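The block underneath contains the structure these notes are about, expressed in structure tokens.
Just so it is clear, the structure is predicted and the values come from calculations on it, not from any experiment.
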Amino acid sequence: MKYVLKRDERRVKFNEEKIENALIKAVSGSGIDVPFTEIINVKNSVLERINALRDEDVISVEEIQNLVVETLKDNKHSDLAQSYDTYRRERTRQREVKSEIMQTIHKIGVETDRDNANVGNNFSAKLLRIASESNKWHILLSVLPKELARAHEVGDLYIHDLDSYNLTVNCLHIPTSKLLREGFNTGYGTINPPKHIEVAAELLCIILQSTQNDMFGGQSHPNFDNDLAPYVKLTKNQIRKECEEIGVPADRLDEVTNKLLFKKLRQAMQAVVFNLNTMHSRAGSQVPFSSINIGIPRSDEAAMVCQAFLEEYNKGMGQGEQPIFPNIIFRVKEGVNRETTDPYYYLFQLACHVAANRMNPTFMNIDSDFNKKYYDMGILPATMGCRTYLCSNINGEPGVEGRGNNAPATINLVRLGIKAKKDINKFFELFDNMIDLAEKQLLHRFEILCNLKVKDLPFVAGQHLMKGSENLGPNDSIKPIMLNGTWGIGFIGLAETLKLLTGKHHGESKESQELGIKIITHLRERCDKLTQKHKMNFSCYATPAEGLSGKFTVLDQKFYGDIPWITDKNFYTNSFHVPVDYPISIAEKLAIEAPYHALCNGGHISYVEFDNYPTGEQIEKVIRWAYSNTNINYVGINFHIRYCRECARRRNAEQIAKRQKQLCDC
């Protein structure tokens, strides 16, 4: 009697039927026509080999499987041997996945990862992460075609938010004005249109929270200041009426009314900052990933909202701590706020001052040709802190409200550069193959998501926030909604790719810059063709590098070893950016990166890096130069913010260097 040594070190009685069953499954999975009698013959031959091992009472599972493969080959069943080997590897992979899930769950039980700044470490966050990891493996093993699953696992193509693949879509520009004007229902009762600015501001936060519960990405109020303006006016009229009723003298009526109004407005804006950094979404696991667009006021009331919000955000949280949210996008336009003679220049000046203190807002250039085109049509472009951008729409009217990105996929551009071995023609051949694979993946995701019904997204679809949902009922497919969203094909590591192909990145060489533009132009042209081919909004996406650039690097190190300046570091460079450690002037960097903004119609950003705390005047100078001399669009400001560990007050580098510790006089 022989025993089998299992992988967990248990000994069990040998069962010859398991060999027969495994052979049957291998035959069935291969499509090879093998008579049952031949399967029995192979099994008997394997048993003879096992019995020949007279000196051993115990045999391992791996040894049995090796004997099966050898027997199949000896019996001239090489195709079946390969199929059996694939079957055993698949079973091994399933066991490894089970083990990996268990290890991951154990780690999450200790502490959740903080890949995103808005994710907490509480019970709800841990429970959500455990569900997330489980669904990821379900998608990889049971939903995705093997070709796509393998591409994701080995790092050829990254499928974003795999845990949400079959559950929901990415992000949304909320039709805020419509919701406030008409009211809405979050599922537990009707919310009537507000009549006060304080209530309107609170409802904006509730809308963000409810929207995030239905989606895996971020959400934006695309016209925050203008959408709140009517409620400032309502509040002003109410205050004026109350002042008249209590006998405020006519000659002081305007003064008192405006003073009380701005006090209420400040309180409302403070509540927005506090709420968006404390209220939780997604079963309490995180605060909403929120963005607001401001800066192009259509009225004095909108300008008041813009000013009050920036001033309240600048104060920070209760003890001056840095607010994480919302991401603020300040839109800059010549004739509106960019120049000192523009009517709302003071708002641009204030935005630069706040950015110098809080590293937020970021800035959007409405005079970029691809923005101005829509602005002149009466459409006000907007973007998100996650950098999602859209305006064009092959399936309807252009614009941003009620639309967003459905899902992106990102190509590991650097690996294509490694494989091409300096052959540029070979690189483009590999690039086209990978774009084809990204197309296949996004179309597969589209098919899966078409199974969702409006009732599966009860707020964003059921309350008709999303364009295309207007005439849908609870049991209708969300397909019409997705046809109005975008499908992004992104990339990471253009700088490393150019270094591999030419020996220099685009910050070092004009020739490399020309090749870089050629590469991203090719991706944009392919996306435009896919849009026409499928009648879906495919877009070229400059993928944010947070987390992903490091994942690609680790995998490429594993497969290709340390390649100087490529895989011998911790991360690849963000999308089309000039490497952050490359010595270059701000003007040169922005001029080099500017052409990519027009190409990346699915989203983009460039960063200005300051070595120390900048002043508002320095930021204003940089933004005005960039927007006057290049076609660049979305720009963020980066510098290192230092805080006292005790009181959370901000400290400068000189104070820290002087005391050699991050504490102030508190």
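- Using a distance-only test at 3.5 Å, with no hydrogens or angles considered, no donor-acceptor pair links the side chain of Gln441 to the main chain of Leu148.
- Ring geometry, Phe330 versus Phe363: the interplanar angle exceeds 60°, so the pair is classed perpendicular (tilted spans 30 to 60°).
- Residues Ser368 and Asn631 have side chains in contact (heavy-atom distance under 4.5 Å, counting atoms from C-beta outward).
- Between the CG atom in Leu416 and the CE atom in Met434 there is a gap of 5.5 Å [rounded to 0.5 Å].
- Ion pairing of Glu439 with Lys533 is present here, as a side-chain N (NZ or NE/NH1/NH2) and a carboxylate O approach within less than 4.0 Å.
- Each of Asp369, Asn371, Asn365 was checked for a side chain to side chain donor-acceptor pair (under 3.5 Å) with Asn633, and the lone residue meeting it is Asn371.
- Across every non-hydrogen atom of Ile519 and Leu501, the tightest pair is CD1-CD1, 4.3 Å.
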In sequence, state the C-alpha distance, the side-chain angles, and the governing distance for Phe610 and Ile619, and then conclude on side-chain contact (heavy atoms from CB on, under 4.5 Å).
CA-CA 10 Å; Phe610 285 93; Ile619 292 175; 4.3 Å; yes
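- A distance-only check finds no donor-acceptor pair linking the side chain of Ser469 to the backbone of Leu472 [under 3.5 Å].
- In this structure a side-chain-to-backbone donor-acceptor pair under 3.5 Å is present from Thr543 to Phe491.
- Residues Leu590 and Val622 meet the side-chain proximity criterion, which asks for heavy atoms closer than 4.5 Å.
- Rounding to the nearest 0.5 Å places NZ of Lys510 at 10.5 Å from CD of Gln513.
- Minimum interatomic distance between Leu465 and Ile174 (heavy atoms only, all atoms of both residues): CD2-CG2, 4.1 Å.
- Considering only residues two or more places apart in sequence or on other chains, Asn293 meets the side chain to side chain donor-acceptor pair (under 3.5 Å) condition with Ser220.
- Between the side chains of His522 and Asp432, a donor-acceptor pair is found at a separation under 3.5 Å.
- Heavy-atom minimum distance, Asn395 versus Leu483: ND2-O, 2.8 Å.
- A donor atom on one side chain and an acceptor atom on the other are not found under 3.5 Å apart for His506 and Tyr582.
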Report the C-alpha separation of Asn451 and Asp456 in whole Å, then their side-chain angles, then the decisive distance to 0.1 Å, and conclude whether the side-chain hydrogen bond (donor to acceptor under 3.5 Å, both in side chains) test is met.
CA-CA 10 Å; Asn451 293 320; Asp456 296 316; over 6 Å; no
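- Counting only distance, with no hydrogens or angles, the side chain of Gln212 and the backbone of Gln209 share no donor-acceptor pair below 3.5 Å.
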Using the salt bridge (charged side-chain N to carboxylate O under 4.0 Å, His left out) rule, take Lys440 and Glu147 through it: C-alpha gap first, then chi angles, then the decisive distance, then the call.
CA-CA 10 Å; Lys440 182 176 181 180; Glu147 177 189 24; 2.5 Å; yes
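- Between His160 and Tyr541, the two ring planes are perpendicular [angle over 60°; tilted spans 30° to 60°].
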Applying side-chain contact (heavy atoms from CB on, under 4.5 Å), run through Met536 and Leu443 and close with a yes or a no.
CA-CA 10 Å; Met536 294 164 59; Leu443 290 176; 3.8 Å; yes
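- Asn537 has its side chain out of reach of Leu390: every pair of non-hydrogen atoms, C-beta onward, lies at least 4.5 Å apart.
- Between the Asp161 side chain and the Asp163 main chain, no donor and acceptor come within less than 3.5 Å of each other.
- Sequence neighbours left out, the pairs with a member in residues 558-570 that pass side chain to side chain donor-acceptor pair (under 3.5 Å) are Glu496-Lys569.
- Every residue two or more places apart in sequence or in another chain that forms a side chain to side chain donor-acceptor pair (under 3.5 Å) with Asp436 is listed here: Arg526.
- Ser512 and Lys504 get closest at one heavy-atom pair: OG-O, 2.7 Å.
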Any chance you could lay out the side-chain contact (heavy atoms from CB on, under 4.5 Å) test for Ile563 and Asp556, step after step, and finish with the verdict?
CA-CA 9 Å; Ile563 302 173; Asp556 287 345; over 6 Å; no
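- Put simply, the side chain of Asn170 does not reach to within 4.5 Å of the side chain of Asn406, judged on heavy atoms.
- The number of heavy-atom neighbours closer than 6.0 Å to OH of Tyr158, taken from other residues, nucleotides and ligands shown, is above 12.
- For an aromatic pair to be called close, the ring centres must be under 6.0 Å apart, and Tyr596 with His577 fails this.
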Let's go through Phe559 and Ile418 carefully: what are the C-alpha distance in whole Å and the side-chain angles of both, what is the deciding distance for side-chain contact (heavy atoms from CB on, under 4.5 Å) to 0.1 Å, and is it a yes or a no?
CA-CA 11 Å; Phe559 294 139; Ile418 295 171; over 6 Å; no
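- A distance-only check finds a donor-acceptor pair linking the side chain of Asp214 to the backbone of Phe459 [under 3.5 Å].
- Between the Glu593 side chain and the Ala591 main chain, no donor and acceptor come within less than 3.5 Å of each other.
- Formation of a donor-acceptor pair under 3.5 Å by the Arg524 side chain with backbone atoms of Cys540 is not found in this model.
- Side-chain atoms of Arg403 come within 3.5 Å of backbone atoms of Cys391 as a donor-acceptor pair (strictly under, hydrogens ignored).
- Note: Leu276 CG to Cys205 SG = 4.0 Å, rounded to the nearest 0.5 Å.
- The two residues Ile481 and Ala461 make their nearest non-hydrogen contact at CD1-CB, 3.8 Å.
- In this structure, Val580 and Tyr607 have side chains that are not in contact, with every pair of non-hydrogen atoms separated by 4.5 Å or more.
- For His534, the ring pair (Phe, Tyr, Trp, His ring centres under 6.0 Å) test picks out Phe538, with sequence neighbours left out.
- Within the model, atoms CD1 of Ile329 and NE2 of His221 stand 12.0 Å from one another, a figure rounded to the nearest 0.5 Å.
- Scanning all heavy atoms of the two residues, the minimum distance from Thr388 to Thr383 falls at O-OG1, 2.9 Å.
- Residues that satisfy the salt bridge (charged side-chain N to carboxylate O under 4.0 Å, His left out) test with Lys467, not counting sequence neighbours, are absent from this structure.
- Side-chain contact between Cys600 and Tyr389 is absent, with no heavy atoms from C-beta onward closer than 4.5 Å.
- With rounding to the nearest 0.5 Å, the separation of NZ in Lys589 from CD1 in Ile632 is 7.5 Å.
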List the steps and the verdict of side-chain hydrogen bond (donor to acceptor under 3.5 Å, both in side chains) for Ser606 and His597.
CA-CA 9 Å; Ser606 287; His597 285 224; 2.8 Å; yes
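- Inter-residue side-chain proximity for Ile292 and Ile328 is flagged as met; some heavy-atom pair is nearer than 4.5 Å.
- Once rounded to the nearest 0.5 Å, the distance linking CD1 of Ile424 with CD of Glu429 reads 14.0 Å.
- Between Phe552 and Thr410 there is a side-chain heavy-atom pair separated by less than 4.5 Å.
- Shown here are the side chain to side chain donor-acceptor pair (under 3.5 Å) partners of Asn484, two or more places apart in sequence or in another chain: Asn393.
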